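Keep in mind that this is a model prediction, so the values were computed, not measured.
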Amino acid sequence: MQCVSVAQNSLHLCRPCHNREKAKGLGKYICQKCHLIIDEQPLMFRNDSYHPDHFNCTHCGKELTAEARELKGELYCLPCHDKMGIPICGACRRPIEGRVVNALGKQWHVEHFVCAKCEKPFLGHRHYEKKGLAYCETHYNQLFGDVCYNCSHVIEGDVVSALNKAWCVNCFSCSTCNIKLTLKNKFVEFDMKPVCKKCYEKFPLELKKRLKKLSELASKKAHPKALDLNSA
């Protein structure tokens with residue numbers, strides 16, 4: 001837009017600024033499309049005012065409705081916006097131009113995908129779904145019970161408590177050979193998962209030494225029924 005200098009009270013203003021000052025004095029609005037004073041009743045959209053005949057799609061020119069979409073300062077009708085392939089946030093209903101989170105059958109701004117209970121953004125951390133809502137692990141457990149560390153589902157039957165985590169009975173198995181384990185079996189924690197004695201014995205000597213040092217530093221209470229590495 002060409003800037004034209006207009007004198008007002010000994011000040012020099014460009015044409016749009018002059019129109020804004022004039023509109024304030026008259027108690028009127030400025031059209032966001034043409035930047036001229038609106039003499040008739042303005043059409044309001046997201047706190048911006050427009051001439052009724054200027055509230056149209058930038059792409060096809062059709063008159064817009066309340067379902068108009070704004071992108072980079074331009075307005076589009078819903079069909080034209082959808083053809084551009086730009087996702088709409090499930091929370092704020094505004095276009096997502098950066099990173100997109102796909103969850104709950106919708107798409108979200110990263111900062112708008114939050115726990116339904118505490119409203120803190122997940123920011124890439126694991127979330128748990130229940131009846132169309134997402135929860136952080138803490139509030140999911142508080143509201144619905146223990147979540148299995150392996151399958152991420154609520155544990156409906158017996159809970160295996162080991163390695164400071166909760167497991168389904170069928171999910172508590174050796175992370176190497178997948179043989180089922182119970183708290184009566186001897187196992188070693190490796191990469192935050194259980195490893196049976198047979199698989200542990202196949203580990204390289206250096207790795208076993210490192211695990212032995214970690215075992216000596218850890219509390220026995222933190223690893224119930226864990227394998228005694230000194231006797232392995």
Whichever hydrophobic residues join Ile155 through chains of side-chain contacts under 4.5 Å: Val159
Co-members of Val110 in a cluster of I, L, V, M, F, W and Y side chains, linked at under 4.5 Å: Val101, Leu104, Trp108, Phe113, Phe122, Leu123
Test side chain to side chain donor-acceptor pair (under 3.5 Å) applied to [X] - qualifying residues, sequence neighbours left out:
X: Glu129; result: His127
X: Thr58; result: Glu74
X: Asn150; result: none
X: Gln142; result: none

List the residues meeting side chain to side chain contact (heavy atoms under 4.5 Å, CB included) with [X], not counting sequence neighbours, and say none if there are none.
X: Lys209; result: Leu205, Glu206
X: Lys165; result: Tyr149, Leu163, Trp167, Glu189, Met192
X: Lys198; result: Cys196
X: Val169; result: Asp158, Val160

Side-chain donor or acceptor of Ser161 paired with backbone N/O of Ala166 under 3.5 Å: no
Partner residues of His112 under the ring pair (Phe, Tyr, Trp, His ring centres under 6.0 Å) criterion, sequence neighbours left out: His109
